[in-house]
Participant: 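Dumping the structure here so I can ask a few things about it.
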Amino acid sequence: MTVNDDSLASSTLCRRVVELRRQHKLTLEQLAAASGVSRSMLSQIERGRANPTLAVTYRIAQAFSMSIGELVDQPDAAATIDVIDAGDSSMLFRSDNDCQIRTLSPLHLDKTVEFYEVTLAPGASLDSAAHFSGTREILTVNRGRAEVEVGGSARELKQGDSAHYRADLAHCIRNPEDQPLLAYLVVTTP
């Protein structure tokens, strides 16, 4: 690699870290906590004043759930296929006797849309406090029946039904059946 190649790689990394941090709406402190790289080092990298080691670059890439190649090369989005393996336990948002919530959207994507698989045990409920203002949810029942309650209003959903509701109010999803409920939940934030 020549000096020009080093300079190009450094400026590419600088732009990518800034771009990804903004996409994920992370502060330098939050990225530092997620990556284990100091805030001052991240600041120097973003300003093009530091050429990080391979280990530092790897930790930054891991914080965004990507490889070093994806971090540096900015792959063509049309040619990239992200797969979330059905058995990947790191994608479990919650897992207990009453409820299992599995993240189906890649963790490095913009978080204005999140996609989950929700399994509720018979008689169990998923109670949620109000989310950020303007947040909405779409719940689609794949198997079983669900009751959705939002702000004192309740609706029953059967297999194949979808409900769209405000999630910036306290809300609840219940399984009134004696069989597990399997549903898909999309959360959108402004």
Participant: List the residues meeting side chain to side chain contact (heavy atoms under 4.5 Å, CB included) with Arg47, not counting sequence neighbours, and say none if there are none.
Facilitator: Ser43, Gln44, Arg49
Participant: Any chance the side chains of His24 and Gln30 put a donor and an acceptor closer than 3.5 Å?
Facilitator: no
Participant: Keeping to residues at least two apart or across chains, list the salt bridge (charged side-chain N to carboxylate O under 4.0 Å, His left out) pairs with something in residues 117-129.
Facilitator: Arg102-Glu117
Participant: Looking at residues at least two apart in the chain, or sitting in another chain, which of them share a salt bridge (charged side-chain N to carboxylate O under 4.0 Å, His left out) with Glu46?
Facilitator: Arg21
Participant: Does any part of the side chain of Leu20, heavy atoms only, come nearer than 4.5 Å to the side chain of Leu71, both counted from C-beta?
Facilitator: yes
Participant: Might you work through the side-chain contact (heavy atoms from CB on, under 4.5 Å) test for Ile45 and Leu13, ending with a clear yes or no?
Facilitator: CA-CA 8 Å; Ile45 291 168; Leu13 180 62; 4.3 Å; yes
Participant: Of the non-hydrogen atoms in Leu31 and Ala63, which two are nearest, and what is the gap between them?
Facilitator: CD1-CB, 3.9 Å
Participant: Who pairs with Tyr58 by ring pair (Phe, Tyr, Trp, His ring centres under 6.0 Å), at least two apart in sequence or on another chain?
Facilitator: none
Participant: Of all heavy-atom pairs between Thr57 and Pro52, which one has the smallest distance, and what is that distance?
Facilitator: OG1-CG, 3.6 Å
Participant: Check step by step if side-chain contact (heavy atoms from CB on, under 4.5 Å) holds for His164 and Glu137.
Facilitator: CA-CA 6 Å; His164 183 236; Glu137 291 184 356; over 6 Å; no
Participant: In chain order, what residues pass the side chain to side chain contact (heavy atoms under 4.5 Å, CB included) check against Asp96, with sequence neighbours excluded?
Facilitator: Arg94, Asp98, Cys99
Participant: Identify, with sequence neighbours excluded, every residue that meets side chain to side chain donor-acceptor pair (under 3.5 Å) alongside Glu149.
Facilitator: Arg174
Participant: Evaluate Lys25 against Thr112 for side-chain contact (heavy atoms from CB on, under 4.5 Å), listing each step before the verdict.
Facilitator: CA-CA 10 Å; Lys25 297 180 176 130; Thr112 58; 3.9 Å; yes
Participant: Does a side-chain heavy-atom distance below 4.5 Å link Val118 with Ile173?
Facilitator: no
Participant: Indicate yes or no for a side-chain donor-acceptor contact from Asp161 to the backbone of Lys158 under 3.5 Å, with no hydrogens or angles considered.
Facilitator: yes
Participant: With rounding to the nearest 0.5 Å, note down the distance linking CG in Asn142 to CG in Leu182.
Facilitator: 4.5 Å
Participant: Over all heavy atoms of both residues, which pair between Pro176 and Glu147 is shortest? Give the atoms and the distance, please.
Facilitator: CB-OE2, 3.6 Å
Participant: Looking at residues at least two apart in the chain, or sitting in another chain, which of them share a side chain to side chain contact (heavy atoms under 4.5 Å, CB included) with Ser133?
Facilitator: Asp168
Participant: Show the nearest heavy-atom pair for residues Leu42 and Ser35, with the distance to one decimal.
Facilitator: CD1-OG, 4.3 Å
Participant: Go through the structure and list residues passing side chain to side chain donor-acceptor pair (under 3.5 Å) with Thr188, not counting sequence neighbours.
Facilitator: none
Participant: Any side-chain to backbone donor/acceptor pair from Asn175 onto Leu120? Under 3.5 Å, distance only.
Facilitator: yes
Participant: For Glu156, give me all partners under side chain to side chain donor-acceptor pair (under 3.5 Å), at least two apart in sequence or on another chain.
Facilitator: Arg145
Participant: Within the side chain of Ser153, is there an N or O that forms a donor-acceptor pair under 3.5 Å with the backbone of Val150?
Facilitator: no
Participant: Sub-3.5 Å donor-acceptor pair from the side chain of Ser105 to the main-chain atoms of Phe115, do we have one?
Facilitator: yes
Participant: Who are the side chain to side chain donor-acceptor pair (under 3.5 Å) partners of Ser38, not counting sequence neighbours?
Facilitator: Ser40
Participant: With sequence neighbours excluded, what pairs up with Arg155 under the salt bridge (charged side-chain N to carboxylate O under 4.0 Å, His left out) test?
Facilitator: none
Participant: Tell me the closest heavy-atom pair linking Tyr116 and Leu104, and the distance in Å.
Facilitator: C-CD1, 3.9 Å
Participant: What residues, two or more places apart in sequence or in another chain, satisfy side chain to side chain contact (heavy atoms under 4.5 Å, CB included) together with Ser95?
Facilitator: Leu92, Gln100
Participant: Could you see if Leu28 belongs to whatever hydrophobic cluster contains Val18? Use Ile, Leu, Val, Met, Phe, Trp, Tyr and a side-chain cutoff under 4.5 Å.
Facilitator: no
Participant: Quick check for you: to the nearest 0.5 Å, what is the distance between Arg16 atom CZ and Ile60 atom CD1?
Facilitator: 12.0 Å
Participant: Mind checking the NE2-NE2 spacing from His171 to His131? Nearest 0.5 Å is all I need.
Facilitator: 3.5 Å
Participant: When rounded to the nearest 0.5 angstrom, what distance separates OG1 in Thr140 from CD in Gln159?
Facilitator: 12.0 Å
Participant: Looking at every non-hydrogen atom in both residues, tell me the closest pair between Asn97 and Ala121 and how far apart they are.
Facilitator: O-CB, 3.6 Å
Participant: With heavy-atom distances below 4.5 Å as the criterion, would you say the side chains of Leu181 and Thr119 are in contact?
Facilitator: no
